[in-house]
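In the text below, chain A, chain B and the rest are named by the order of the sequence lines, each starting its count at 1.
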Amino acid sequence: MTPFEKRVVELVRRIPPGKVTTYGLIARAAGLPRGARMVGWILNRRKFSPDLPAHRVVNRHGLLTGKMHFETPTLMAQLLRNEGVPVRDDRIPDLDRYLWIPPQTDE
DNA sequence: GGAGTGACACGGA
DNA sequence: GTCCGTGCCACTC
């Protein structure tokens, strides 16, 4: 459990329902501006824990790239819709509208 | 030690 | 909006 992983988990847990954020933003907020891939890697290891709403994390295009890593390929989009986030064709049309900017934890 | 890979981002066409 | 090439950090052969 590296400090970076902790920050990523903390940030993801802080994402309010009905909102989503991107790997790049989380990576940057966690202190690794170029570590977007690491975020996905960490979430993949942590899988989908109740304390880790990974379904609220999408890529910069609003595409649900991580859906394949959930219990079912449709679970991710299902959870988002359940929180009020419209999902069309495995992506969020109005991403900018539901985007949540994570706070800097790199103090 | 080196090469390949991944839930990505960015710039250019 | 899309596709392609490059850079990024950490992990696994």
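Partners of Arg46(A) under the side-chain hydrogen bond (donor to acceptor under 3.5 Å, both in side chains) rule, at least two apart in sequence or in another chain, are Glu5(A). Residues satisfying the side-chain hydrogen bond (donor to acceptor under 3.5 Å, both in side chains) criterion with Lys67(A), sequence neighbours excluded, are Asp90(A). Here Asn44(A) pairs with His69(A) under the side-chain contact (heavy atoms from CB on, under 4.5 Å) rule; sequence neighbours left out. With sequence neighbours left out, Tyr98(A) forms a ring pair (Phe, Tyr, Trp, His ring centres under 6.0 Å) with no residue at all. Not counting sequence neighbours, the partners of Asp89(A) by the side-chain hydrogen bond (donor to acceptor under 3.5 Å, both in side chains) test are Arg91(A).
With values rounded to the nearest 0.5 angstrom, Ile26(A) atom CD1 is found 14.0 Å from Arg7(A) atom CZ. With rounding to the nearest 0.5 Å, the separation of OG1 in Thr74(A) from CG in Leu64(A) is 11.0 Å. Thr22(A) OG1 to His61(A) NE2: the interatomic distance, rounded to the nearest 0.5 Å, is 10.5 Å. Expressed to the nearest 0.5 Å, how far OG1 of Thr65(A) lies from OH of Tyr23(A) amounts to 3.5 Å.
A 4.5 Å side-chain heavy-atom check between Arg14(A) and Pro103(A) finds at least one atom pair inside the cut-off. The shortest side-chain heavy-atom distance between Leu99(A) and Leu25(A) falls under the 4.5 Å cut-off.
Bounding nucleotides for the chain A contact on DNA chain B, 5' to 3', at a heavy-atom distance below 4.0 Å, are dG6(B) to dC10(B). Nucleotides of DNA chain C lying under 4.0 Å from heavy atoms of chain A occupy a range whose first and last members, 5' to 3', are dT2(C) to dC11(C).
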Problem set entry | Test side-chain contact (heavy atoms from CB on, under 4.5 Å) applied to Trp100(A) and Val20(A), step by step | CA-CA 6 Å; Trp100(A) 176 78; Val20(A) 297; over 6 Å; no
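Ala30(A) approaches Phe4(A) most closely through the heavy-atom pair CB-CE1, 3.4 Å. Annotation for Pro86(A) and Pro93(A): closest pair O-CD, 3.7 Å, computed over non-hydrogen atoms. Here the shortest heavy-atom pairing between Leu11(A) and Ala29(A) reads CD1-CB, 3.7 Å.
Of the residues in residues 18-27 of chain A, those placing a heavy atom less than 4.0 Å from an atom of DNA chain B are Thr22(A), Tyr23(A), Gly24(A), in numerical order. Taken residue by residue, residues 32-39 of chain A places heavy atoms nearer than 4.0 Å to DNA chain C at Leu32(A), Arg34(A), Arg37(A), Met38(A). Within a heavy-atom distance below 4.0 Å of DNA chain B, the residues of residues 51-62 of chain A found are Ala54(A), Asn59(A), Arg60(A). At a non-hydrogen distance threshold of 4.0 Å, nothing from residues 84-91 of chain A comes into contact with DNA chain B.
Among pairs with a residue in residues 50-59 of chain A, those fulfilling side chain to side chain donor-acceptor pair (under 3.5 Å) read His55(A)-Glu83(A), Arg56(A)-Glu83(A), at least two apart in sequence or across chains.
Taking a cutoff of 4.0 Å between a charged side-chain nitrogen and a carboxylate oxygen, Lys6(A) and Glu10(A) do not qualify as a salt bridge.
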